[in-house]
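What follows is a single structure, written as structure tokens, with notes after it.
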Number of protein chains: 2
Amino acid sequence: MARDPKSFCSINLALEVFGDKWTLLIIRDIMLGDKRHFREILQSEEKISTNILTDRLNMLESRGILTKGNDPSHKQKFVYSLTQKGIDLLPVIAAMAQWSLKHEPVSAISQQHTQPIAEGGPELIGRLSDELATKHL
Amino acid sequence: MARDPKSFCSINLALEVFGDKWTLLIIRDIMLGDKRHFREILQSEEKISTNILTDRLNMLESRGILTKGNDPSHKQKFVYSLTQKGIDLLPVIAAMAQWSLKHEPVSAISQQHTQPIAEGGPELIGRLSDELATKHL
DNA sequence: ACAAGCAGTTGTAATAAACAAGTTGTAGAA
DNA sequence: TTCTACAACTTGTTTATTACAACTGCTTGT
């Protein structure tokens, strides 16, 4: 699954993990939308398909960005949790949100969701990270 | 070239612009490597191919992230410059570098290049943005 | 018993990328 | 002035990746 990288540049290594159209949307759903199950992520407005979601969840698990645990309420259900490596993607998400809010036609709903994170500064990011850590780790 | 987005979520809109394996490497080269010509970007260690570079440069120009100007020293040479929209990607690059430096096997050379940007904090980003503005705008 | 919900699989089509070669024009040296 | 290297592409072919839709097999709650 993880082939050898084109280079060991920090930017390239990051892109080899989440440099595609779907991976960070999944992280966003888990991180900001508090979605923890396959079906919940599937229902997001971008309409990711099941095989891509399966593929990316497995990839993210194999790279140590999230973990997959059993849901006691349903034997065929899994709970996806972020690792610290996954939680540490919050600043990346925040920076991307900030850029889009300035330069792209972000919807009012998304603006409400992401503006605080984008403009909250390092302290807010720190607080949210701590919250995520108690929830997920 | 730019199809209608899957959603108007800020994260998704960003991904539709630079959510691929190559685009941000080009931005990195222009921004941090001070590469301004086609051939210079082509020579980076990731060995992007000419058709992809052409495609991405045109896409980035059409989206207002960079501009293409004539090089007075050579009539068939173009100089690629960042716009403000392009310069504003610096925090995204910095966040990605910070994540990789913490979690991925970044080479010593890349570490030297990106650690200052990743850990310099908002003031350094501000200063670098100003530098880029005088160089490119 | 059965419909609804669960994660995941399979097959096929569409898209993107890699690779090799060619194009058109420029610049500088012999 | 012709030769060579270089500039940014462009084209065509092959390969790899991704997307979409339909379908599995298992598990719940009614």
Side-chain angles (χ1 to χ4, degrees), chain A residues 1-7 11-12 15-27 29-30 33 35-63 66-81, chain B residues 1-7 12 15-27 29-30 33-63 66-81:
Chain A
M1 174 145 277
R3 304 199 308 290
D4 41 329
K6 291 190 288 292
S7 80
I11 307 303
N12 183 59
L15 289 172
E16 304 232 357
V17 177
F18 52 82
D20 72 278
K21 302 257 179 271
W22 295 107
T23 300
L24 279 181
L25 294 180
I26 297 169
I27 302 287
D29 285 349
I30 299 176
K35 301 186 178 181
R36 307 292 292 272
H37 297 106
F38 193 91
R39 287 287 147 178
E40 291 179 297
I41 301 168
L42 214 56
Q43 280 153 18
S44 294
E45 63 174 332
E46 288 89 6
K47 298 291 167 223
I48 190 168
S49 53
T50 59
N51 59 344
I52 298 170
L53 182 53
T54 299
D55 177 83
R56 295 306 193 281
L57 287 172
N58 289 336
M59 182 273 284
L60 288 169
E61 192 194 4
S62 79
R63 292 194 194 257
L66 46 82
T67 57
K68 183 174 167 179
N70 291 314
D71 187 331
S73 78
H74 191 302
K75 280 183 185 164
Q76 206 156 7
K77 230 166 154 176
F78 295 105
V79 188
Y80 296 95
S81 302
Chain B
M1 172 145 278
R3 303 201 307 290
D4 41 331
K6 291 190 287 294
S7 80
N12 183 60
L15 289 172
E16 304 232 359
V17 176
F18 51 82
D20 72 279
K21 302 258 179 270
W22 295 108
T23 301
L24 279 181
L25 293 180
I26 297 169
I27 302 288
D29 285 349
I30 299 175
D34 202 36
K35 302 186 177 181
R36 306 293 293 270
H37 297 107
F38 192 92
R39 287 287 147 179
E40 289 178 298
I41 301 168
L42 213 57
Q43 280 154 18
S44 294
E45 64 175 330
E46 287 89 6
K47 297 289 168 228
I48 191 168
S49 52
T50 59
N51 55 351
I52 298 172
L53 181 53
T54 299
D55 177 82
R56 294 306 192 280
L57 287 172
N58 289 336
M59 182 274 283
L60 289 169
E61 193 195 3
S62 79
R63 292 195 194 256
L66 47 81
T67 56
K68 184 174 167 180
N70 291 314
D71 187 332
S73 80
H74 191 302
K75 279 183 186 165
Q76 207 153 6
K77 228 167 158 178
F78 295 104
V79 188
Y80 296 96
S81 302

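Every chain is numbered from 1 and lettered A, B, ... according to where its sequence line falls, protein lines coming before strand lines. A quick note: this is a predicted structure, and the numbers were derived from the prediction, not measured.
Applying the 4.0 Å criterion to OP1 and OP2 of dG8(C), one finds that K77(A) has every side-chain N and O outside that range. Regarding contacts with the backbone of dC6(D), every side-chain N or O of R39(B) stays at 4.0 angstrom or more from both OP1 and OP2. Distances shorter than 4.0 Å separate none of the side-chain N or O atoms of W22(B) from OP1 or OP2 on dA16(C). One finds no side-chain N or O of R56(A) lying less than 4.0 angstrom from the OP1 or OP2 phosphate oxygen of dT17(D).
Rounded to an integer number of Å, the gap from CD1 of I48(A) to P of dA19(D) is 8 Å. The CD1 atom of I26(B) sits 14 Å away from the C1' atom of dA8(D) (whole-angstrom rounding). dA16(C) atom C1' lies 14 Å from atom CD1 of I52(A), rounded to whole Å. Distance CD (E61(B)) to P (dA8(D)): 14 Å, rounded to an integer number of Å. Distance F38(A) CZ to dT24(D) C1': 13 Å, rounded to the nearest Å. Between H74(A) atom NE2 and dG8(C) atom C1' the separation is 14 Å, expressed in whole Å. dG29(D) atom P lies 13 Å from atom CD of Q76(A), rounded to whole Å. Between the CG atom of L42(A) and the P atom of dA19(D) there is a distance of 14 Å, given to the nearest Å.
Nearer to the 5' terminus of DNA chain D, by closest-nucleotide assignment, is the contact made by H37(B) (compared with the other of K21(B) and H37(B)). A residue-by-residue look at K6(A) and F78(A) shows that F78(A) has its nearest nucleotide of DNA chain C further toward the 5' end.
Side-chain N/O atoms of S49(A) and base N/O atoms of dT18(D) include no donor-acceptor pair closer than 3.5 Å. Side chain T54(B) to base dT10(D): no donor-acceptor pair is found below 3.5 Å.
A 6.0 Å sphere centred on NZ of K68(B) holds more than 12 heavy atoms belonging to other residues, nucleotides or ligands.
Interatomic distance, OG1 of T23(B) versus CD1 of I52(B), reported as 10.0 Å (0.5 Å rounding).
Minimum heavy-atom separation, K21(A) to G19(B): NZ-O, 3.1 Å. In this structure, E16(B) and R63(B) approach most closely via the heavy-atom pair O-NH2, 3.5 Å.
The residue K68(A) sits close only to the backbone: its heavy atoms come under 4.0 Å of sugar-phosphate atoms, none of a base. Here N51(A) lies in heavy-atom contact (under 4.0 Å) with a base. D20(A) comes within 4.0 angstrom of nothing in the nucleic acid, heavy atoms only.
Tested against D71(B) for a side-chain hydrogen bond (donor to acceptor under 3.5 Å, both in side chains), the candidates H37(B), R36(B), K77(B) yield a single pass: H37(B).
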